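Numbers restart at 1 for each chain; the letters A, B, ... are given by sequence-line order, proteins then strands. Note that this is a predicted model, so its numbers are computed, not measured.
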There are 2 protein chains.
Amino acid sequence: MSVQWRVAKRVDPESCRAWQLLMKFYFVQRRHLPEWAGESGLSQVQCHVLHLMEPGRPVPMSRLAEALSCDASNVTGLVDRMEARGLLARRAAPGDRRVKVLELTPAGERLRAEMLRHMTGQPLPLASLTADERRALVGLLERLVGED
Amino acid sequence: MSVQWRVAKRVDPESCRAWQLLMKFYFVQRRHLPEWAGESGLSQVQCHVLHLMEPGRPVPMSRLAEALSCDASNVTGLVDRMEARGLLARRAAPGDRRVKVLELTPAGERLRAEMLRHMTGQPLPLASLTADERRALVGLLERLVGED
DNA sequence: TATTGTTATACTCTATAACTATA
DNA sequence: TATAGTTATAGAGTATAACAATA
(Lines give C-alpha, C1' and ligand atoms only; values in the text may rest on other atoms or scores of the structure.)
Protein backbone atom coordinates (compact mmCIF):
# COMPACT_ATOMS: atom_id res chain seq x y z
CA MET A 1 0.00 0.00 0.00
CA SER A 2 2.41 2.64 -1.27
CA VAL A 3 1.92 6.36 -1.56
CA GLN A 4 1.60 6.03 -5.32
CA TRP A 5 -1.27 3.57 -4.93
CA ARG A 6 -3.12 5.89 -2.60
CA VAL A 7 -2.66 8.80 -4.98
CA ALA A 8 -3.92 6.67 -7.82
CA LYS A 9 -7.05 5.75 -5.83
CA ARG A 10 -7.85 9.36 -4.92
CA VAL A 11 -11.22 10.43 -6.28
CA ASP A 12 -12.51 13.87 -7.17
CA PRO A 13 -14.67 15.90 -4.76
CA GLU A 14 -17.80 15.51 -6.90
CA SER A 15 -17.60 11.74 -6.66
CA CYS A 16 -17.10 11.90 -2.90
CA ARG A 17 -20.14 14.12 -2.54
CA ALA A 18 -22.16 11.87 -4.83
CA TRP A 19 -21.28 8.87 -2.70
CA GLN A 20 -22.16 10.66 0.51
CA LEU A 21 -25.58 11.44 -0.92
CA LEU A 22 -26.14 7.94 -2.30
CA MET A 23 -25.29 6.46 1.11
CA LYS A 24 -27.62 8.88 2.80
CA PHE A 25 -30.32 7.98 0.32
CA TYR A 26 -29.84 4.31 1.14
CA PHE A 27 -30.28 4.84 4.87
CA VAL A 28 -33.21 7.21 4.43
CA GLN A 29 -34.95 4.53 2.40
CA ARG A 30 -34.00 1.87 4.93
CA ARG A 31 -35.63 3.89 7.67
CA HIS A 32 -38.86 4.19 5.72
CA LEU A 33 -39.03 0.54 4.73
CA PRO A 34 -41.57 -0.33 7.46
CA GLU A 35 -43.95 2.09 5.74
CA TRP A 36 -43.58 0.21 2.47
CA ALA A 37 -44.61 -2.98 4.19
CA GLY A 38 -47.79 -1.18 5.20
CA GLU A 39 -50.22 -3.17 7.30
CA SER A 40 -48.86 -6.47 6.05
CA GLY A 41 -45.98 -6.69 8.51
CA LEU A 42 -43.40 -7.65 5.91
CA SER A 43 -39.82 -7.68 7.16
CA GLN A 44 -36.98 -6.00 5.30
CA VAL A 45 -35.75 -9.21 3.74
CA GLN A 46 -39.28 -10.21 2.77
CA CYS A 47 -39.68 -6.87 0.99
CA HIS A 48 -36.42 -7.62 -0.78
CA VAL A 49 -37.69 -11.05 -1.87
CA LEU A 50 -40.96 -9.59 -3.11
CA HIS A 51 -39.05 -6.98 -5.09
CA LEU A 52 -36.91 -9.68 -6.70
CA MET A 53 -39.76 -12.06 -7.56
CA GLU A 54 -41.38 -10.92 -10.76
CA PRO A 55 -44.74 -12.51 -11.59
CA GLY A 56 -44.40 -15.39 -14.02
CA ARG A 57 -40.63 -15.74 -13.50
CA PRO A 58 -39.76 -18.77 -11.36
CA VAL A 59 -36.58 -18.37 -9.28
CA PRO A 60 -34.44 -21.25 -7.97
CA MET A 61 -33.74 -21.14 -4.23
CA SER A 62 -30.01 -20.90 -4.88
CA ARG A 63 -30.50 -17.85 -7.08
CA LEU A 64 -32.46 -16.17 -4.29
CA ALA A 65 -29.63 -16.81 -1.83
CA GLU A 66 -27.21 -15.27 -4.29
CA ALA A 67 -29.43 -12.25 -4.93
CA LEU A 68 -29.79 -11.66 -1.17
CA SER A 69 -26.11 -12.36 -0.45
CA CYS A 70 -27.08 -14.80 2.27
CA ASP A 71 -26.60 -18.45 3.14
CA ALA A 72 -28.78 -21.13 1.55
CA SER A 73 -29.97 -22.34 4.95
CA ASN A 74 -31.32 -18.87 5.55
CA VAL A 75 -33.43 -19.07 2.41
CA THR A 76 -35.01 -22.32 3.60
CA GLY A 77 -36.50 -20.70 6.69
CA LEU A 78 -37.37 -17.49 4.88
CA VAL A 79 -39.26 -19.36 2.17
CA ASP A 80 -40.90 -21.59 4.81
CA ARG A 81 -42.44 -18.55 6.45
CA MET A 82 -43.45 -16.79 3.25
CA GLU A 83 -44.93 -20.03 1.93
CA ALA A 84 -46.84 -20.51 5.19
CA ARG A 85 -48.24 -17.01 4.70
CA GLY A 86 -49.36 -17.97 1.22
CA LEU A 87 -47.12 -15.47 -0.58
CA LEU A 88 -45.11 -17.91 -2.67
CA ALA A 89 -44.83 -21.62 -3.48
CA ARG A 90 -42.06 -24.15 -4.08
CA ARG A 91 -42.23 -26.16 -7.28
CA ALA A 92 -40.08 -28.86 -8.85
CA ALA A 93 -37.74 -27.65 -11.56
CA PRO A 94 -37.69 -29.51 -14.88
CA GLY A 95 -34.34 -31.03 -15.79
CA ASP A 96 -32.73 -31.15 -12.33
CA ARG A 97 -34.53 -32.89 -9.50
CA ARG A 98 -32.32 -31.24 -6.89
CA VAL A 99 -33.54 -27.71 -7.49
CA LYS A 100 -36.81 -26.15 -6.38
CA VAL A 101 -38.11 -23.01 -8.03
CA LEU A 102 -40.17 -20.34 -6.32
CA GLU A 103 -43.22 -18.61 -7.73
CA LEU A 104 -45.45 -15.88 -6.37
CA THR A 105 -48.99 -16.93 -5.51
CA PRO A 106 -51.85 -14.62 -6.54
CA ALA A 107 -51.81 -13.25 -2.98
CA GLY A 108 -48.06 -12.72 -3.29
CA GLU A 109 -48.50 -10.84 -6.55
CA ARG A 110 -51.15 -8.60 -4.98
CA LEU A 111 -48.96 -7.82 -1.97
CA ARG A 112 -45.96 -7.16 -4.22
CA ALA A 113 -47.96 -4.67 -6.27
CA GLU A 114 -49.19 -2.99 -3.10
CA MET A 115 -45.65 -2.73 -1.75
CA LEU A 116 -44.35 -1.19 -4.98
CA ARG A 117 -47.18 1.34 -4.80
CA HIS A 118 -46.24 2.22 -1.22
CA MET A 119 -42.61 2.62 -2.20
CA THR A 120 -43.24 5.14 -4.96
CA GLY A 121 -43.97 8.60 -3.74
CA GLN A 122 -42.44 8.31 -0.30
CA PRO A 123 -40.43 9.75 1.31
CA LEU A 124 -38.47 11.77 -1.27
CA PRO A 125 -39.96 14.95 -2.77
CA LEU A 126 -39.60 13.87 -6.38
CA ALA A 127 -42.32 16.34 -7.33
CA SER A 128 -40.00 19.21 -6.42
CA LEU A 129 -37.97 18.49 -9.56
CA THR A 130 -38.89 19.92 -12.95
CA ALA A 131 -39.74 17.62 -15.83
CA ASP A 132 -36.30 18.20 -17.34
CA GLU A 133 -34.60 17.42 -14.04
CA ARG A 134 -36.57 14.20 -13.66
CA ARG A 135 -35.53 13.15 -17.15
CA ALA A 136 -31.91 13.90 -16.31
CA LEU A 137 -32.17 11.91 -13.08
CA VAL A 138 -33.64 8.92 -14.90
CA GLY A 139 -30.85 9.06 -17.46
CA LEU A 140 -28.15 9.11 -14.80
CA LEU A 141 -29.74 6.35 -12.74
CA GLU A 142 -30.09 4.16 -15.83
CA ARG A 143 -26.36 4.47 -16.29
CA LEU A 144 -25.66 3.68 -12.64
CA VAL A 145 -28.14 0.95 -11.76
CA GLY A 146 -28.37 -0.42 -15.25
CA GLU A 147 -31.14 -2.25 -17.01
CA ASP A 148 -30.53 -5.90 -16.27
CA MET B 1 -61.17 7.17 -1.99
CA SER B 2 -63.04 8.55 -4.97
CA VAL B 3 -62.09 8.33 -8.64
CA GLN B 4 -61.13 12.00 -8.57
CA TRP B 5 -58.62 11.33 -5.80
CA ARG B 6 -57.02 8.50 -7.71
CA VAL B 7 -56.75 10.62 -10.85
CA ALA B 8 -55.21 13.42 -8.85
CA LYS B 9 -52.56 11.02 -7.51
CA ARG B 10 -51.51 9.78 -10.96
CA VAL B 11 -47.87 10.57 -11.68
CA ASP B 12 -45.99 11.01 -14.94
CA PRO B 13 -43.98 8.21 -16.58
CA GLU B 14 -40.63 9.86 -15.81
CA SER B 15 -41.40 9.87 -12.10
CA CYS B 16 -42.47 6.23 -12.23
CA ARG B 17 -39.23 5.29 -13.95
CA ALA B 18 -37.21 7.35 -11.50
CA TRP B 19 -38.86 5.55 -8.61
CA GLN B 20 -38.27 2.15 -10.15
CA LEU B 21 -34.59 2.98 -10.42
CA LEU B 22 -34.34 4.44 -6.92
CA MET B 23 -35.94 1.28 -5.49
CA LYS B 24 -33.59 -0.87 -7.50
CA PHE B 25 -30.67 1.18 -6.23
CA TYR B 26 -31.83 0.63 -2.67
CA PHE B 27 -31.97 -3.15 -3.03
CA VAL B 28 -28.70 -3.31 -4.93
CA GLN B 29 -27.03 -1.46 -2.07
CA ARG B 30 -28.81 -3.65 0.48
CA ARG B 31 -27.37 -6.72 -1.19
CA HIS B 32 -23.85 -5.33 -1.02
CA LEU B 33 -24.06 -4.15 2.57
CA PRO B 34 -22.15 -7.18 3.91
CA GLU B 35 -19.17 -5.97 1.87
CA TRP B 36 -19.31 -2.58 3.56
CA ALA B 37 -19.08 -4.28 6.92
CA GLY B 38 -15.85 -5.83 5.70
CA GLU B 39 -14.15 -8.17 8.13
CA SER B 40 -15.83 -6.58 11.12
CA GLY B 41 -19.08 -8.55 10.84
CA LEU B 42 -21.33 -5.54 11.34
CA SER B 43 -25.02 -6.20 10.78
CA GLN B 44 -27.20 -4.00 8.63
CA VAL B 45 -28.69 -2.15 11.57
CA GLN B 46 -25.26 -1.69 13.14
CA CYS B 47 -24.03 -0.14 9.87
CA HIS B 48 -27.05 2.15 10.05
CA VAL B 49 -26.21 3.16 13.62
CA LEU B 50 -22.59 3.83 12.72
CA HIS B 51 -23.69 5.97 9.79
CA LEU B 52 -25.97 8.01 12.06
CA MET B 53 -23.45 8.50 14.88
CA GLU B 54 -21.16 11.37 13.97
CA PRO B 55 -18.01 11.73 16.09
CA GLY B 56 -18.44 14.29 18.86
CA ARG B 57 -22.23 14.39 18.54
CA PRO B 58 -23.93 12.54 21.43
CA VAL B 59 -27.29 10.96 20.51
CA PRO B 60 -30.07 10.12 23.01
CA MET B 61 -31.33 6.53 22.86
CA SER B 62 -34.81 7.76 21.98
CA ARG B 63 -33.47 9.71 19.03
CA LEU B 64 -31.75 6.59 17.74
CA ALA B 65 -35.00 4.63 17.93
CA GLU B 66 -36.70 7.38 15.97
CA ALA B 67 -33.92 7.54 13.36
CA LEU B 68 -34.10 3.75 12.89
CA SER B 69 -37.90 3.65 12.96
CA CYS B 70 -37.82 0.92 15.57
CA ASP B 71 -39.02 0.31 19.11
CA ALA B 72 -37.10 1.65 22.11
CA SER B 73 -36.75 -1.86 23.56
CA ASN B 74 -34.93 -2.83 20.38
CA VAL B 75 -32.39 -0.06 20.88
CA THR B 76 -31.59 -1.33 24.37
CA GLY B 77 -30.36 -4.69 23.07
CA LEU B 78 -28.69 -3.17 20.03
CA VAL B 79 -26.72 -0.73 22.15
CA ASP B 80 -25.92 -3.48 24.67
CA ARG B 81 -24.18 -5.49 21.96
CA MET B 82 -22.38 -2.55 20.34
CA GLU B 83 -21.26 -1.33 23.75
CA ALA B 84 -20.02 -4.84 24.59
CA ARG B 85 -17.98 -4.72 21.37
CA GLY B 86 -16.51 -1.40 22.46
CA LEU B 87 -17.97 0.62 19.58
CA LEU B 88 -20.00 3.10 21.63
CA ALA B 89 -20.76 4.08 25.22
CA ARG B 90 -23.77 5.22 27.23
CA ARG B 91 -23.42 8.44 29.19
CA ALA B 92 -25.71 10.43 31.46
CA ALA B 93 -27.34 13.42 29.83
CA PRO B 94 -27.14 16.80 31.58
CA GLY B 95 -30.51 18.26 32.50
CA ASP B 96 -32.67 15.14 32.35
CA ARG B 97 -31.69 12.14 34.45
CA ARG B 98 -34.00 9.86 32.47
CA VAL B 99 -32.11 10.08 29.20
CA LYS B 100 -28.85 8.40 28.26
CA VAL B 101 -26.78 9.67 25.38
CA LEU B 102 -24.61 7.56 23.12
CA GLU B 103 -21.12 8.41 21.92
CA LEU B 104 -18.71 6.61 19.62
CA THR B 105 -15.59 5.25 21.27
CA PRO B 106 -12.26 5.73 19.45
CA ALA B 107 -12.66 2.16 18.15
CA GLY B 108 -16.17 3.03 16.98
CA GLU B 109 -14.90 6.10 15.16
CA ARG B 110 -12.22 4.06 13.42
CA LEU B 111 -14.70 1.39 12.33
CA ARG B 112 -17.15 4.04 11.14
CA ALA B 113 -14.46 5.65 8.98
CA GLU B 114 -13.51 2.26 7.59
CA MET B 115 -17.13 1.45 6.75
CA LEU B 116 -17.61 4.78 4.95
CA ARG B 117 -14.50 4.05 2.94
CA HIS B 118 -15.83 0.61 1.98
CA MET B 119 -19.16 2.11 0.95
CA THR B 120 -17.69 4.62 -1.48
CA GLY B 121 -16.64 3.13 -4.74
CA GLN B 122 -18.68 -0.06 -4.59
CA PRO B 123 -20.65 -1.43 -6.30
CA LEU B 124 -21.86 1.30 -8.70
CA PRO B 125 -19.68 2.39 -11.62
CA LEU B 126 -19.64 6.07 -10.73
CA ALA B 127 -16.47 6.47 -12.75
CA SER B 128 -18.45 5.78 -15.92
CA LEU B 129 -20.02 9.22 -15.63
CA THR B 130 -18.37 12.34 -17.00
CA ALA B 131 -17.44 15.20 -14.68
CA ASP B 132 -20.47 17.17 -15.86
CA GLU B 133 -22.76 14.22 -15.25
CA ARG B 134 -21.39 13.72 -11.76
CA ARG B 135 -22.00 17.38 -11.00
CA ALA B 136 -25.56 17.06 -12.30
CA LEU B 137 -26.12 13.94 -10.19
CA VAL B 138 -24.87 15.68 -7.06
CA GLY B 139 -27.16 18.63 -7.71
CA LEU B 140 -30.21 16.43 -8.12
CA LEU B 141 -29.41 14.29 -5.08
CA GLU B 142 -28.90 17.40 -2.96
CA ARG B 143 -32.43 18.43 -3.85
CA LEU B 144 -33.82 14.95 -3.10
CA VAL B 145 -31.97 13.84 -0.01
CA GLY B 146 -31.42 17.32 1.32
CA GLU B 147 -28.78 18.69 3.57
CA ASP B 148 -30.19 18.15 7.04
C1' DT C 1 -49.70 11.90 34.09
C1' DA C 2 -46.34 11.47 30.53
C1' DT C 3 -41.71 10.14 29.07
C1' DT C 4 -37.10 7.48 29.01
C1' DG C 5 -35.20 3.43 29.19
C1' DT C 6 -35.24 -1.57 30.76
C1' DT C 7 -36.88 -6.43 31.21
C1' DA C 8 -39.42 -10.56 29.74
C1' DT C 9 -41.23 -12.95 26.01
C1' DA C 10 -41.92 -14.59 21.44
C1' DC C 11 -40.92 -14.60 16.79
C1' DT C 12 -37.89 -13.59 12.73
C1' DC C 13 -33.30 -13.23 10.63
C1' DT C 14 -28.68 -15.06 9.97
C1' DA C 15 -24.51 -18.09 9.65
C1' DT C 16 -22.06 -22.59 10.61
C1' DA C 17 -21.88 -27.39 10.44
C1' DA C 18 -23.71 -31.83 9.36
C1' DC C 19 -26.85 -34.17 6.50
C1' DT C 20 -29.81 -36.19 2.22
C1' DA C 21 -30.73 -36.55 -2.46
C1' DT C 22 -29.29 -35.81 -6.96
C1' DA C 23 -25.89 -34.81 -10.65
C1' DT D 1 -16.99 -35.57 -6.10
C1' DA D 2 -19.76 -31.60 -6.38
C1' DT D 3 -24.19 -29.19 -5.96
C1' DA D 4 -29.21 -27.98 -4.15
C1' DG D 5 -31.64 -27.89 -0.40
C1' DT D 6 -32.74 -29.18 4.61
C1' DT D 7 -32.06 -29.61 9.67
C1' DA D 8 -30.11 -28.37 14.12
C1' DT D 9 -28.17 -24.94 16.70
C1' DA D 10 -26.83 -20.48 18.38
C1' DG D 11 -26.81 -15.69 18.32
C1' DA D 12 -28.72 -11.17 16.62
C1' DG D 13 -32.79 -8.28 15.27
C1' DT D 14 -37.64 -6.94 16.22
C1' DA D 15 -42.22 -5.76 18.47
C1' DT D 16 -45.51 -6.05 22.48
C1' DA D 17 -46.49 -5.59 27.17
C1' DA D 18 -45.30 -4.56 31.84
C1' DC D 19 -42.22 -2.05 34.65
C1' DA D 20 -38.98 1.61 37.32
C1' DA D 21 -37.22 6.09 37.53
C1' DT D 22 -37.77 10.70 36.42
C1' DA D 23 -40.18 14.85 34.68
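Residue Thr76(A) is in base contact, counting any heavy-atom pair closer than 4.0 Å across all strands shown.
Rounded to whole angstrom, the span from the CG atom of Asp80(B) across to the P atom of dT6(C) amounts to 7 Å. A straight line from CE of Met61(B) to C1' of dT3(C) spans 14 Å, rounded to a whole angstrom. The interatomic distance linking Leu33(A) (CG) with dT14(D) (P) rounds to 11 Å, in whole Å. Between His48(B) atom NE2 and dG13(D) atom P there is a gap of 14 Å when expressed in whole angstrom units. When rounded to the nearest whole Å, the span between CG of Leu64(B) and P of dT4(C) equals 14 Å. Rounded to an integer number of Å, the gap from CG of Leu42(B) to P of dA15(C) is 14 Å. Taking atom CG of residue Leu78(B) and atom C1' of nucleotide dG5(C), one finds them 14 Å apart after rounding to whole Å.
Along DNA chain D, the nucleotide closest to Asn74(B) and the one closest to Pro60(A) are compared, and the more 5′ of them pairs with Pro60(A). For Gly77(A) and Gln44(A), each mapped to the nucleotide of DNA chain D holding its nearest heavy atom, the one lying further toward the 5' end belongs to Gly77(A).
If you run side-chain contact (heavy atoms from CB on, under 4.5 Å) between Leu87(B) and each of Val79(B), Leu111(B), Leu102(B), Leu104(B), only Leu111(B) comes through.
In this structure, Tyr26(B) and Trp36(A) have perpendicular ring planes: the angle between them is above 60°, well past the 30° mark.
Not counting sequence neighbours, the partners of Arg98(A) by the salt bridge (charged side-chain N to carboxylate O under 4.0 Å, His left out) test are Asp96(A). For Arg85(B), there are no side-chain hydrogen bond (donor to acceptor under 3.5 Å, both in side chains) partners at least two apart in sequence or on another chain.
For residues 46-81 of chain A, the ring pair (Phe, Tyr, Trp, His ring centres under 6.0 Å) pairs, not counting sequence neighbours, are His48(A)-Phe27(B), His51(A)-Phe27(B). Within the structure, the salt bridge (Lys or Arg N to Asp or Glu O under 4.0 Å) test picks out the following pairs touching residues 65-84 of chain A (sequence neighbours left out): Asp80(A)-Arg90(A), Glu83(A)-Arg90(A). Applying the salt bridge (Lys or Arg N to Asp or Glu O under 4.0 Å) test to residues at least two apart or on different chains, the pairs with a partner in residues 103-115 of chain B are Arg91(B)-Glu103(B).
Side-chain atoms of Val45(B) lie closest to dT14(D) of the nucleotides dT14(D), dT6(D), dA15(D). Comparing dA12(D), dA15(D), dA8(D) by their nearest atom to the side chain of Asp71(B) picks out dA15(D). The side chain of Gln46(B) sits closest to dG13(D) out of dA4(D), dA17(C), dG13(D).
Of all the residues in residues 81-102 of chain B, Arg81(B), Asp96(B), Arg97(B), Arg98(B) reach under 4.0 Å from DNA chain D with at least one non-hydrogen atom.
Interface remark: the Ser73(A) side chain does form a donor-acceptor pair with the dT16(C) base, using a distance-only criterion of under 3.5 Å.
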